[in-house]
Every structure is written in structure tokens, then in C-alpha cells.
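Reading through the C-alpha cells given below for one structure.
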Amino acid sequence: MDSNHLHHLLQKQINKYASDTPIPAGLNNLLNDISQTYTNFERDQELIERVMNVSSEELLDANQELKKINEEMDRFVYSTSHDLRAPLLSILGLLNIIEKENKQYDIQGYLKLLRDSTVNLDKFISDIIDYSRNSRLDVEKKEVDIGEIINESFKHLNYLPGCSTLLKLVNIDAKEKFYCDERRLTIIFNNLISNAIKYQNASLSDSFINIEAMIDEKAMTVQIEDNGIGIDATYLQKIFDMFYRASPDSKGSGLGLYIVKEAIQKLHGSISVESTLGMGTRFSVVIPNLERH
Amino acid sequence: MQVEQIKWSPKDKWQSISDKNLSDTANLVFAIGNFDLIQDPTRYDELRAKYPNADIITCGSDGEILNGKLVDQQIIVSALYFEKTDIQCVQIDINQVKDSFDAGTHLSADLDKDFITHLLVFSDSKNLQSSDLMTGIHINLAKHVPVTGGLPGIYQDTDTSLVGLNGPPKKGQLIGIGFSGENLQVGYSIARGWTSFGAEKTITKAENNRLYEIDHKSAYHFYQQYLEHVVDDVDQAISQFPLGIKRVASDPRIVRSAIELHPDGSITFSSGFSIGDNIRMMKTNISSLLSSAQEAANHSLKPLDDQKADFLLLVNCSGRRNVLKDWVCEEIESVNSILSYETPMMGFYSHGEISPNQPNSKSEVHNQCLVFTAFREN
């Protein structure tokens with residue numbers, strides 16, 4: 001037996017209690033076995049401690065995540081109920097007026113207002129649906145045609161005032177096929193394009209949106225630029241927050257850019273924004289090509 | 001029921017261990033042997049000549065278990081004469097059926113199912129999804145019929161599964177032995193000896209026996225997280241820490257042992273996982289393996305009259321030997337110590353053991369376990 005191989009505690013015990021007596025060779029197997037048991041016991045202890053640490057960290061992380069979700073949920077419920085009621089109350093008000101006035105001539109005008117409120121309500125509810133879809137559904141990878149998604153977005157947003165007169169420039173440089181989650185890409189483009197349409201600079205006659213996309217094996221890089229009203233530098237950092245509306249005139253739900261950011265996060269991409277008040281805004285988005293990941 | 005045993009070794013040729021003069025009457029013969037020896041057609045021919053009326057089950061094993069001893073480089077044979085029990089043997093060529101599920105349904109379809117009280121299954125495990133196989137078997141078989149048996153071979157080498165019916169053993173075979181009759185009592189039990197530790201995790205990506213992701217991270221990451229700096233070499237140690245699947249809250253975990261780490265961080269296991277399976281890491285030590293074996297052996301005798309068996313069959317995971325090392329023989333001896341002196345027992349080493357996870361539940365393929373099947377005819 002090579003005594004160097006014995007567990008250090010066993011070696012100490014032997015030194016202490018049996019230093020004077022040479023250990024008979026017949027006991028070697030016994031000592032090796034005891035030594036192995038010491039080692040295994042120590043390893044098991046270490047293992048359990050390690051696993052406790054790992055588990056408690058996981059628990060803390062999960063708790064943190066739950067807290068964040070809970071806070072968001074609180075805010076969500078509060079703001080949602082508030083925002084859902086506003087257009088409903090205005091619909092009810094309008095209905096009252098129609099009932100009371102009992103005259104034919106202004107009904108068309110009221111009906112238009114009713115329609116606007118209903119459209120707002122619908123937009124808000126569909127934003128909520130997008131939000132919950134994004135947070136629940138797994139990423140679904142397939143080959144996507146970015147040009148098609150952008151075209152569909154413009155078609156879909158055609159009802160918005162100012163959409164038809166806006167100059168639309170789209171330039172896609174696809175060096176590779178792009179694999180991604182089509183539903184989330186649609187959410188991202190719908191929201192970014194609709195912002196460019198909604199926040200045009202009314203004093204300009206040549207409002208434009210310019211979309212430049214470049215796809216390679218690693219990722220798609222997109223710039224979406226407009227010459228709209230722009231965003232004040234002090235608000236710029238907050239525009240991706242839930243229910244944040246940079247403009248007091250904003251008719252939006254305050255969810256659009258938040259959903260964009262969450263969807264991009266799910267796709268492991270990134271988004272950044274540059275803007276000058278009165279001059280225009282540029283969003284830069286990078287989304288990994290899932291084929292390579 | 002009567003049992004006689006013989007053995008063959010290159011040096012001593014055939015030798016009798018116990019003789020009940022069963023040459024013509026034996027109706028079921030188990031021959032277990034070292035891979036090279038048992039494949040020799042001459043040995044089979046000699047057995048056939050000795051037991052002309054029996055169904056002969058042949059099986060390759062790395063080490064043979066005979067009456068409380070581990071022997072090597074031998075063929076061991078138990079010839080069984082069931083006086084009041086019907087025995088039906090069925091063989092399926094796995095390469096001739098569509099998949100594992102199909103193999104199972106074919107096997108159980110070929111059996112006269114109405115009176116079966118116990119089914120023994122021996123199988124090659126190559127290209128076999130074991131839980132699909134068991135589901136297939138149970139399709140045509142009442143749920144209360146227990147299935148025991150195993151996948152013979154070495155657990156890190158799934159190429160070594162050799163079983164045969166009425167011929168030398170070969171690859172790609174699935175064999176079932178159905179027992180029917182009111183006078184037969186069969187006890188079974190499973191020795192585990194593994195305890196789980198750490199948090200419950202969920203399998204998020206797996207294909208057959210290959211495990212890709214646990215909670216959306218690579219299978220290897222899980223091992224690394226627990227074992228790095230605790231063991232000298234994580235890659236080596238994964239085989240010492242199987243995973244235990246919890247399918248039913250009150251049932252013990254079904255053990256799955258890791259056999260091969262792949263460069264992409266996925267790990268091949270001895271048997272499969274399903275997506276959504278809840279797992280924890282498992283560990284053991286020599287003492288728990290030894291006592292689990294003895295306890296389970298005891299348990300398998302309980303349903304039998306006088307708690308005495310006429311014959312005991314063992315299917316023992318070769319992976320347990322990696323833990324037991326010097327204590328391999330003690331495991332078998334400890335089992336023997338609870339049997340009455342002359343009870344014949346035999347067994348083989350496996351890389352998958354078949355047994356209900358709990359009495360009266362669906363049978364499963366386990367790893368790192370020891371399955372007992374005890375027979376008694378009244």
C-alpha cells in the first residue's frame with residue numbers, strides 16, 4: 001500500500017494512534033477501503049453543498065423574475081383598465097347625445113367619432129393580445145421574406161390617416177436566407193412603421209419612411225428612419241417602457257414599443273434609437289439569423 | 001416444479017450441478033453464457049440433444065450469476081419442468097418490424113393472452129426505444145400482468161445484446177415467455193439503492209436515448225453545474241450520476257444512466273426520456289446498493305407460499321459493478337443469504353432491467369437496478 005494514497009484524515013489518525021506499530025500488510029485492503037469511504041463521504045458532502053448553493057441561486061433568480069412579472073402585471077392591470085374605459089366612456093357619451101338630440105342631421109358626425117373610439121379600443125386590445133402572445137409563445141423558426149412582411153405591414157396600416165401620402169422607401173439586401181419567427185417580426189415591423197405614419201411632421205409635404213435591411217448569415221440589420229416630429233432627448237430612454245407615451249397628443253396604447261422591445265428580446269436581438277426633436281427618428285434593429293444558432 | 005442445473009467451461013466441458021433427471025420433461029431451459037461461448041452452435045446442439053422437448057432461451061452475458069456466485073467464462077444452464085403451468089415462447093426479429101412500439105405489439109399479439117399471469121421479456125436494446133416497447137407490449141396485455149426481464153449486455157456498449165430462442169443467441173431479437181396457470185406463483189421486485197438530490201428539473205429536449213436539454217440548457221451544463229470542482233473530471237463522472245425520472249408523484253424514480261457525452265453537450269443514456277419528464281440527479285454508495293439488493297430479493301419471495309421459491313432469476317445492471325467494484329460478489333451473496341440453501345438461482349448482467357416500477361403498475365425499463373423474478377409452482 002502506498003500510504004500517500006490514504007485519505008489525509010485517516011493518515012493523521014494512523015500517525016496519532018498507530019505511529020509506533022507498523023501496520024501489517026494484511027490490513028492494506030481494509031485501510032484502502034476505509035480511505036475510499038472517507039473520500040466518498042467528503043465528496044458527497046461537497047456535492048450536496050454545491051447543489052444547495054446552485055438551487056438557492058436558482059430560487060433567488062426565479063423569485064426575482066416573479067417579482068418583475070408581478071410588478072408589470074400590477075401596472076398592466078391598472079393602466080389597462082383605465083385605458084379600456086376611456087374610449088368606452090366616450091362611446092357611451094356619444095350614444096347619450098344621439099339619444100337625446102333626436103335629430104337626424106348630425107348623426108354622421110357622431111358616428112364617425114364612435115368609429116374612432118371603437119378603432120382605438122380595438123387597437124389597444126390587439127396590442128394586449130400581441131403582448132400576451134409574445135410572452136407566452138415559443139419562438140417558431142421558419143424561412144421568412146422580409147419584403148413581404150414590410151409590404152403586408154403597409155397594407156395593414158393603410159387605414160391610418162397619412163399612410164397613402166407618406167413616401168415609402170424600402171431597400172433589402174439579402175445575402176442569405178433569413179430564418180426567424182414570422183409572427184414576432186410582423187409585430188415589430190407593424191409597430192415601428194405605424195409610428196412613422198402616425199408621427200409625421202404636419203408642416204412637411206415630403207414626409208418619408210426609409211427602411212434599409214441587410215441580411216447575412218449571422219443576422220438581419222434594419223434601419224427604419226423617418227423625418228417625423230422626433231422625440232425629445234429627455235424622453236428617449238423611456239419610450240420602450242410599458243405604457244410610456246412620449247407625446248401628450250399620443251393616441252397610442254403605450255404598449256407598441258414595449259411589445260417591440262420584448263419581441264426583439266425573445267429573438268435575442270437588439271434595438272436602439274436616435275432622434276432629434278422636429279427632425280426625425282431612426283430605429284436600428286439587429287435580429288440574429290436563427291439558421292446559424 | 002423441478003429445476004436442474006448444468007454448466008459448461010472450456011476446461012471441464014459439461015458438468016452437472018444438480019440432477020433431477022429432467023432430460024425429457026424439462027419444458028423451459030435458460031442458458032446464459034459468456035458472449036463467445038454461448039454463440040457456438042455446437043453448445044446449442046448439445047443442449048438441444050439433452051433437452052429435446054424444451055424451449056431453450058439463450059443469452060449472452062458479461063459475467064454469469066449462478067447460485068450466489070459470480071462466475072465467468074462459462075455457460076450456465078437451468079432446466080425447468082413446470083408440471084401445471086403453460087409456457088409460451090415468442091420471438092420477434094426487431095429488424096422485421098417498423099419500430100419499438102410495433103415490436104411490442106407484435107410480441108403481445110402473438111401470445112395467448114387470456115390466461116397469462118406473468119411475462120418474461122429478454123431483448124436486444126439496439127435501436128430500441130424502451131418505453132415505446134413497453135407501451136406496445138401492454139397494448140395487447142392486461143395491465144395487471146407484470147412484465148419482468150431485461151436487456152442483456154454491458155451498459156456502456158449497447159452492441160453486445162445477444163438473445164435467442166431455440167438457437168444460439170444473436171443480435172436484434174426480442175423474446176417473450178408467457179406463463180399461464182393457476183398453480184404458478186411469481187414474485188418480482190426491483191432493487192435500486194439510488195437516492196436523488198438537487199432541485200427538480202424538466203426535460204425540454206430529448207430524442208429517444210439522447211438527452212439534449214434540461215430546462216432549456218444543455219444536458220452537460222446540468223452536470224457541470226453540479227459536479228465541476230467537486231469531482232476531478234466531470235466528463236468521466238457523468239456515468240456515476242444517473243438521472244431519476246419522476247412520472248408518478250408517489251412512485252420511486254426510474255433511473256437512467258449516462259453512457260456517452262457528445263461534443264454538442266448532449267448525452268446518450270442507456271434508455272430514453274420523454275419531453276416533460278421531471279428529473280433529479282441520483283447518487284449511491286456501496287452500502288445502499290448491497291442492502292437494496294437484499295431487501296428486494298426478500299420482497300420478491302413474499303407473495304410465494306412459505307416465502308420459498310423454486311427458482312429465482314436475476315437481471316443485474318452491469319453499471320452497478322462500476323460502483324461496487326470489489327463488492328460485486330457480496331451483492332450476489334447477500335441475495336443468496338436470504339434464500340433457502342438449495343434454491344436454484346441464476347442471472348445475467350444487463351444494460352436495461354424490466355419491471356413494474358411499483359407493484360401492479362405498467363412495466364418500465366430501468367437502469368442501474370437489479371430485478372428479481374421468483375417462481376413457485378404448487
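Each chain gets a letter, A, B and so on, in the order its sequence line appears, and its residues count up from 1. What you see is a predicted model; the values in this text were computed from it and never measured. Just so you know, these numbers use all the heavy atoms, side chains as well, and skip hydrogens, waters and symmetry mates.
For A:E58, the part sitting under 4.5 Å from any heavy atom of chain B is the side chain, from C-beta outward, and nothing else. Neither the backbone nor the side chain of B:I286 comes within contact range of chain A; no heavy atom of the residue lies under 4.5 Å from a heavy atom of that chain. When heavy atoms are compared at a cutoff of 4.5 Å, A:N53 does not approach chain B at all. Contacts between A:I48 and chain B at a heavy-atom distance below 4.5 Å involve the side chain alone, from C-beta outward.
Summarising the local packing, CG of B:D232 is surrounded by 12 or fewer heavy atoms from other residues, nucleotides or ligands at distances under 6.0 Å. Crowding of B:H262 atom NE2: a count of heavy atoms from other residues, nucleotides or ligands under 6.0 Å exceeding 12. Within 6.0 Å of CD on A:E140 lie no more than 12 heavy atoms contributed by other residues, nucleotides or ligands. Counting heavy atoms of neighbouring residues, nucleotides and ligands inside a 6.0 Å radius, atom CD of A:E212 exceeds 12 of them. Within 6.0 Å of the NZ atom in B:K217, the count of heavy atoms belonging to other residues, nucleotides or ligands does not exceed 12.
To the nearest 0.5 Å, atom CD of residue B:Q225 and atom OG of residue A:S55 are 8.0 Å apart. Summarising the geometry, atom NE2 belonging to B:H229 is positioned 11.0 Å from atom CD belonging to A:E46; distances are rounded to the nearest 0.5 Å. Note that CG of A:D44 is 8.0 Å distant from OG1 of B:T195, once rounded to the nearest 0.5 Å. Taken from CZ in B:F197 to CG in A:L47, the straight-line distance is 4.0 Å, to the nearest 0.5 Å. The OG1 atom of A:T37 sits 9.0 Å away from atom CG of B:N285, with the distance rounded to the nearest 0.5 Å. Annotation: the span from A:R43 atom CZ to B:Q240 atom CD amounts to 5.5 Å, rounded to 0.5 Å.
Side-chain atoms of A:R50 come within 3.5 Å of backbone N or O of B:E228 as a donor-acceptor pair.
Proximity of A:D33 to B:W327: side-chain heavy atoms (C-beta onward) are separated by under 4.5 Å at one or more points.
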